[in-house]
Amino acid sequence: MCGRFAQEHPDEVVIYFKARPDAWVKDLGPRYNLAPTQRAMVVRLDGDGVRVVQGLRWGLVPGWAKDPSRAARAINARGETAAGK
């Protein structure tokens, strides 16, 4: 199960980072098997410099890719050949 991870206690993340949760995070519970292309909880700064907890699509989408579905395949890219591919 390469490239999967867990996110627990979203309410504690909001408190720890003193962040504002968006609507998606308010209804979120623990998630134990997040895979590439699924929404993951992240903490980031908005345009005003305020911390916000949001759900963003997890994965690497190469700049040359025309379709974001390539993110699932890029998770197991080899470091030795990533620059050339």
Side-chain angles (χ1 to χ4, degrees):
M1 299 241 298
C2 289
R4 294 182 182 249
F5 67 99
Q7 287 188 323
E8 300 180 57
H9 314 293
D11 51 340
E12 291 181 15
V13 172
V14 171
I15 294 168
Y16 181 81
F17 286 100
K18 297 179 180 81
R20 178 177 43 88
D22 72 357
W24 180 79
V25 175
K26 289 179 182 177
D27 298 327
L28 189 62
R31 300 173 70 198
Y32 299 105
N33 195 19
L34 278 162
T37 72
Q38 291 182 324
R39 289 179 78 179
M41 181 178 57
V42 298
V43 179
R44 60 186 237 166
L45 295 176
D46 68 4
D48 298 326
V50 177
R51 289 184 184 136
V52 180
V53 180
Q54 293 180 302
L56 298 180
R57 183 185 169 122
W58 177 56
L60 172 66
V61 179
W64 46 263
K66 293 181 174 68
D67 183 10
S69 67
R70 300 207 36 110
R73 286 189 269 165
I75 194 66
N76 289 324
R78 296 180 59 98
E80 298 86 2
T81 59
K85 293 186 177 181

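- Across every non-hydrogen atom of Pro10 and Pro30, the tightest pair is CD-N, 4.4 Å.
- Grouped with Val43 in one hydrophobic cluster are Val13, Val14, Tyr16, Phe17, Trp24, Val25, Leu28, Met41, Val53, the linkage being side-chain heavy-atom contacts under 4.5 Å among Ile, Leu, Val, Met, Phe, Trp and Tyr residues.
- Residues in residues 41-53 take part in these side-chain hydrogen bond (donor to acceptor under 3.5 Å, both in side chains) pairs, two or more places apart or across chains: Arg20-Asp46, Arg44-Gln54.
- Tyr32 is listed as a side-chain neighbour of Glu8, based on a closest heavy-atom distance under 4.5 Å.
- Separation of atoms CD (Gln38) and CZ (Arg4) is listed at 7.0 Å; rounding is to 0.5 Å.
- Through direct or indirect side-chain contacts shorter than 4.5 Å among Ile, Leu, Val, Met, Phe, Trp and Tyr, Val42 is connected to Leu56.
- The heavy-atom pair separating Ala40 from Phe5 by the smallest distance is CB-CZ, 4.0 Å.
- Every residue two or more places apart in sequence or in another chain was checked for a salt bridge (Lys or Arg N to Asp or Glu O under 4.0 Å) with Glu12, and none qualifies.
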